[in-house]
Undergrad: 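Mind having a look at this structure? Questions to follow.
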Amino acid sequence: MHGRGRCAFTVLKYANTESEFKDHMRLSNYFLPVLKEVPKEAEIVSHRLMLRAGMISQQASGLYAWLPLGYKVLRKIQTIIEQEQARAGSVQMLMPTLQPADLWRESGRYDAYGKEMLRITDRHDRDMLFGPTNEEMITDIFRSYVRSYKELPLNLYHIQWKFRDEIRPRFGTMRSREFLMKDGYSFDIDKEASEKAYRRMFVAYLRTYYRMGLTAIPMKAETGPIGGDVSHEFIVLADTGESAVFCHEDILQKPIPPRDTDFTGDLTPIVDDWTSLYAATEDMIDMEEFERVVPEDKRIAARGIEVGQIFYFGTKYSEIMKATVTGADGKDVAVHSGSYGIGLTRLVPAIIEACHDENGIVWPISIAPFEVALLNLKIADEMTSKACEDLYSQLGTAGIDVLYDDRKDGAGAKFATADLIGIPFQLIIGPRGAKSGEAEIKNRKTGERQTVPLDQVVKTLSDLIIPERRDTI
RNA sequence: CGGGGUGUAGCGCAGCUUGGUAGCGCACUUGUCUGGGGGACAAGGGGUCGCAGGUUCAAAUCCUGCCACUCCGACCA
């Protein structure tokens, strides 16, 4: 049966069609517990705003419930990642959160990983663990099915919750213990082919972050516990970043590869261009080199948030776990692999760190939970409410993601809430405007306001919003 | 794991020094008036004062232990 059973009543009560159900929302039917005061535990701005905007709720140290508004952002981020992974030729799947310890004993990481790994025993007294990453499991799946070089290259990913029992979780979902991560794994016959896979992900990542409204800089990185030879971290500059980073200023102006980039072709020129200017994290920085190759007026020394990391690690896991394929010459060879991570639950605060002002969040349109906040300034006024209902319906039909503030509250409260939760455009209708057939559109980011005839509202908003969705670039 | 801090209503806090049956603001409920930047007035509801033990006629307050959260450091997507 279809999975709608339990929701059927809700669907019938609040929406007439699936499409109505999908994109827009009345605030009176929503769950948006905004906070006027700041919970004392929140230190950095993104954490404060996520709590105040009713996006997350802490359940224990480093564990968060994602409330509707936050979850909607998370889903939008996930969709962009899925689209760009598909474009780059990676195939989506889903692996479990719990894993058998034996797999990790095989790779030697069961002992190596230490206390950050959450170990669990099931009822049969078997050792299990809550997966902090999935190299072992994907390698096991690969070796179970793939025998021939003819089935390569292969690139698989999933988006799944991970757990690392951090000593000190902090900054909300920036550094939580449970976190949602996209992790992908490439399998290739040799190093050269594997490097191609690495470049595909490198380019996909540039596009992915750009589409979310971020400028993420690929920087030379340590390979850490994953191991391997080559690695880049993708870094978003922010004062609250956890690590010091160093780069050439011009790297911020590099062109983003367009959507028609041929991922089956040679991506070396793009990667070379992006890595031609110096960029390294504090772990990898060579100050002498930095000062030698970057002119003084182009040097950026800042703090950054890591929002993704890609590794080429060769045969590290395939050798020890015997993930081999038979080559054209009839000989078995261990496959070359890489892994490619993006921290979704970290991206949300990272974007907020980059996009906010004193009144609240300022979402980039492509990942905003709603594109328009329709503010009915006087719910008791018939003309006003009629105009709002019409616009609400029209915007829904036009495929614009709109949140209709139909609560009984005063105007000030509605403005404050809309500003706080960061909806890119406020569509403001009050008795004055309803009478004269006009609405006001406020740009959350610039503060600009324009007055528009009611019958021009949908077109005006569509023209403002659609190009900024960044889904056709 | 080392060093600090904090636990009192949903949130933010006062009360603790000097023990005497718990208070403020916001939020919530009801009503009236409001209605272009978190509105006003009135009347209400809500607490095992983190947990356990001890001292005392009496503990939010003093003592002991524990727990949770949090900040700084080492560690990390």
Undergrad: Can you name the side-chain hydrogen bond (donor to acceptor under 3.5 Å, both in side chains) partners of Gln59(A), sequence neighbours left out?
TA: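 Checked Gln59(A) against side-chain hydrogen bond (donor to acceptor under 3.5 Å, both in side chains); matches are Ser57(A).
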Undergrad: Counting Watson-Crick and G-U wobble pairs only, both distances under 3.5 Å, name the nucleotide matched with C24(B), or none.
TA: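 Looking at the geometry, C24(B) pairs with G12(B).
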Undergrad: Would you call Asp165(A) and Arg177(A) a salt bridge, using N to O less than 4.0 angstrom?
TA: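 Between Arg177(A) and Asp165(A) there is a salt bridge, with a charged N closer than 4.0 Å to a carboxylate O.
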Undergrad: Are any protein N/O atoms closer than 3.5 Å to N/O atoms in nucleotides 5-7 of chain B? If there are, list each pair with its distance.
TA:
residue: U6(B); atom: O2'; partner: Lys40(A); partner atom: NZ; Å: 3.2

Undergrad: Which residue is it: Tyr340(A), Tyr312(A), Tyr205(A), Tyr198(A)? I am looking for the one with a side chain to side chain donor-acceptor pair (under 3.5 Å) to His232(A).
TA: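 Exactly one pass, corresponding to Tyr198(A).
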Undergrad: Hey, could you give me each pair passing side-chain hydrogen bond (donor to acceptor under 3.5 Å, both in side chains) that has a residue in residues 31-42 of chain A? Not counting sequence neighbours.
TA: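 Of all non-adjacent pairs touching residues 31-42 of chain A, none passes side-chain hydrogen bond (donor to acceptor under 3.5 Å, both in side chains).
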Undergrad: Quickly work out the Phe179(A) CZ to C75(B) P distance and round it to whole Å.
TA: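 It works out to 18 Å between those atoms.
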Undergrad: Which word best sums up how the rings of Tyr404(A) and Tyr392(A) line up, parallel for under 30°, tilted for 30 to 60°, or perpendicular for over 60°?
TA: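 The arrangement is tilted - the two ring planes meet at 30° to 60°.
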Undergrad: Which residues pass the side-chain hydrogen bond (donor to acceptor under 3.5 Å, both in side chains) test with Lys445(A), sequence neighbours left out?
TA: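 Applying side-chain hydrogen bond (donor to acceptor under 3.5 Å, both in side chains) to Lys445(A) gives none.
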Undergrad: Rounded to whole Å, how long is the line connecting atom CD of Glu37(A) with atom P of A14(B)?
TA: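 So the CD-P distance, Glu37(A) to A14(B), works out to 13 Å.
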Undergrad: What is the distance, to the nearest angstrom, from the CD atom on Glu116(A) to the P atom on C1(B)?
TA: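 Going from CD in Glu116(A) over to P in C1(B) covers 14 Å.
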Undergrad: Distance from Ser366(A) atom OG to Ile80(A) atom CD1, nearest 0.5 Å?
TA: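 If we round to the nearest 0.5 Å, Ser366(A):OG and Ile80(A):CD1 are 4.5 Å apart.
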Undergrad: According to the Watson-Crick and G-U wobble definitions, with both distances under 3.5 Å, which nucleotide is paired to A60(B)?
TA: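 Here A60(B) is not engaged in any pair, so there is no nucleotide opposite it.
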Undergrad: Could you give the CG-to-C1' distance, from Leu51(A) to G12(B), as a whole number of Å?
TA: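 Interatomic distance, CG of Leu51(A) to C1' of G12(B): 14 Å.
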Undergrad: Check this for me, if you would: do Lys414(A) and Asp406(A) make a salt bridge, where the nitrogen-to-carboxylate-oxygen distance has to be below 4.0 angstrom?
TA: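 No, this pair does not count.
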Undergrad: Any ion pair linking Arg259(A) and Asp471(A) (charged N to carboxylate O, less than 4.0 Å)?
TA: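 So Asp471(A) does not pair with Arg259(A) through a salt bridge.
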Undergrad: Please list all pairs meeting ring pair (Phe, Tyr, Trp, His ring centres under 6.0 Å) that have one or both residues in residues 84-107 of chain A, counting only residues at least two apart or in different chains.
TA: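 Qualifying pairs: Trp104(A)-Tyr113(A).
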Undergrad: Would you measure the distance from the P atom in G25(B) across to the matching atom in C62(B) and give it in whole Å?
TA: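 After rounding to an integer number of Å, I get 26 Å for this pair.
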Undergrad: Can you tell me the base-pairing partner of U30(B)? Count Watson-Crick or G-U wobble geometry only, both distances below 3.5 Å, and say none if there is no partner.
TA: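 Partner of U30(B): A42(B).
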Undergrad: Output every pair passing side-chain hydrogen bond (donor to acceptor under 3.5 Å, both in side chains) with a member in residues 75-84 of chain A, not counting sequence neighbours, ordered by first then second residue.
TA: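 Residue pairs with at least one partner in residues 75-84 of chain A: Tyr71(A)-Arg75(A), Lys76(A)-Asp401(A), Gln78(A)-Glu82(A), Glu82(A)-Gln92(A), Gln83(A)-Arg211(A), Glu84(A)-Arg87(A), Glu84(A)-Arg207(A), Glu84(A)-Arg211(A).
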Undergrad: Please report the distance separating the P of A43(B) from the corresponding atom of A60(B), rounded so that it comes out in whole Å.
TA: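 To the nearest whole Å, 30 Å.
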Undergrad: When you check the gap from the basic side-chain N to the acidic O, do Arg109(A) and Glu116(A) get nearer than 4.0 Å?
TA: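 Looking at Glu116(A) together with Arg109(A), the answer is no, because their closest N to O distance does not fall below 4.0 Å.
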Undergrad: Take the protein atom OH of Tyr113(A) and the nucleotide atom P of C75(B), then report the distance between them rounded to whole Å.
TA: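 So the two atoms are 15 Å apart, to the nearest Å.
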Undergrad: So what's G37(B) paired with, Watson-Crick or G-U wobble, going by both distances under 3.5 Å?
TA: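 Base-paired to nothing in any strand shown.
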Undergrad: Using a cut-off of strictly less than 4.0 Å, decide whether Ser61(A) has a side-chain nitrogen or oxygen near OP1 or OP2 of U70(B).
TA: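 For Ser61(A), the contact criterion (side-chain N or O under 4.0 Å from OP1 or OP2 of U70(B)) is met.
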Undergrad: Using a cut-off of 4.0 Å on non-hydrogen atoms, how would the nucleic acid contact of Gln58(A) be classed: base, sugar-phosphate, or nothing?
TA: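 Gln58(A): backbone/sugar contact only, no base atoms under 4.0 Å.
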Undergrad: Roughly how far apart, to the nearest Å, are U70(B) and U18(B) at atom C1'?
TA: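 U70(B) and U18(B) have their C1' atoms separated by 31 Å.
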Undergrad: In B/S/- notation, 5' to 3', how is nucleotides 41-47 of chain B contacted by protein heavy atoms closer than 4.0 Å?
TA: -------
Undergrad: Could you give the distance separating G73(B) and A58(B) at their P atoms, to the nearest angstrom?
TA: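 After rounding to an integer number of Å, I get 47 Å for this pair.
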Undergrad: How far, in whole Å, is G12(B) from U30(B) if one measures between their P atoms?
TA: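 Here U30(B) and G12(B) have their P atoms 25 Å from each other.
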Undergrad: Under the rule for side-chain hydrogen bond (donor to acceptor under 3.5 Å, both in side chains), what residues qualify as partners of Asp102(A), not counting sequence neighbours?
TA: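 Only Arg105(A) meet the side-chain hydrogen bond (donor to acceptor under 3.5 Å, both in side chains) criterion with Asp102(A).
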Undergrad: Please collect all side-chain hydrogen bond (donor to acceptor under 3.5 Å, both in side chains) contacts where either partner lies in residues 270-281 of chain A, sequence neighbours excluded, each pair once.
TA: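 For residues 270-281 of chain A, and leaving out neighbouring residues, the side-chain hydrogen bond (donor to acceptor under 3.5 Å, both in side chains) pairs sorted by first residue read Lys254(A)-Asp273(A).
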Undergrad: What nitrogen or oxygen pairs link the protein and nucleotides 71-74 of chain B at under 3.5 Å?
TA:
residue: C71(B); atom: OP2; partner: Arg168(A); partner atom: NH1; Å: 3.3
residue: C72(B); atom: OP2; partner: Arg168(A); partner atom: NH1; Å: 3.2
residue: C72(B); atom: OP2; partner: Arg168(A); partner atom: NH2; Å: 2.6

Undergrad: Would you mind classifying the nucleic acid contact of Thr173(A) as base, sugar-phosphate or nothing, using non-hydrogen atoms under 4.0 angstrom?
TA: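 Contact class for Thr173(A): none.
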Undergrad: Hey, are Asp405(A) and Arg407(A) close enough for a salt bridge, meaning a charged N less than 4.0 Å from a carboxylate O?
TA: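 Arg407(A) and Asp405(A): salt-bridged.
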Undergrad: Table please: side-chain donor-acceptor pairs of residues 233-242 of chain A below 3.5 Å, with sequence neighbours left out.
TA:
residue: Thr240(A); atom: OG1; partner: Glu353(A); partner atom: OE1; Å: 2.7
residue: Glu242(A); atom: OE1; partner: Arg346(A); partner atom: NH2; Å: 3.1
residue: Glu242(A); atom: OE2; partner: Arg175(A); partner atom: NH1; Å: 3.0

Undergrad: Please give the distance between the C1' atoms of U56(B) and U21(B) as a whole number of Å.
TA: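 16 Å, rounded to whole Å.
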Undergrad: Taking the same atom, C1', in G19(B) and in U55(B), what whole-Å distance lies between them?
TA: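 After rounding to an integer number of Å, I get 11 Å for this pair.
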Undergrad: Could you state the atom-to-atom distance from CG of Leu63(A) to C1' of A68(B) in whole Å?
TA: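 Going from Leu63(A) (CG) to A68(B) (C1'), I get 13 Å.
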Undergrad: Work out how far the P atom of G45(B) is from that of G7(B), and round it to whole angstrom.
TA: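 Here G45(B) and G7(B) have their P atoms 28 Å from each other.
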Undergrad: Which base, if any, makes a Watson-Crick or G-U wobble pair with G2(B), both distances under 3.5 Å?
TA: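 Because both required distances fall under 3.5 Å, G2(B) counts as paired with C72(B).
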Undergrad: On RNA chain B, check which nucleotide each of Lys115(A) and Gly341(A) is closest to and give me the residue with the more 5' one.
TA: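 Whichever sits nearer the 5' end wins; that is Lys115(A).
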Undergrad: Within this structure, what is the CD-to-C1' distance between Glu178(A) and C76(B), rounded to whole angstrom?
TA: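 Atom-to-atom, Glu178(A) to C76(B), this comes out as 17 Å.
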Undergrad: Round to a whole Å and report the spacing from CD of Glu166(A) to P of C69(B).
TA: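 For the pair Glu166(A) CD and C69(B) P, the rounded distance is 15 Å.
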Undergrad: Could you run down nucleotides 31-38 of chain B 5' to 3' and tag each one B, S or - for protein heavy-atom contact under 4.0 Å?
TA: ----BBBB
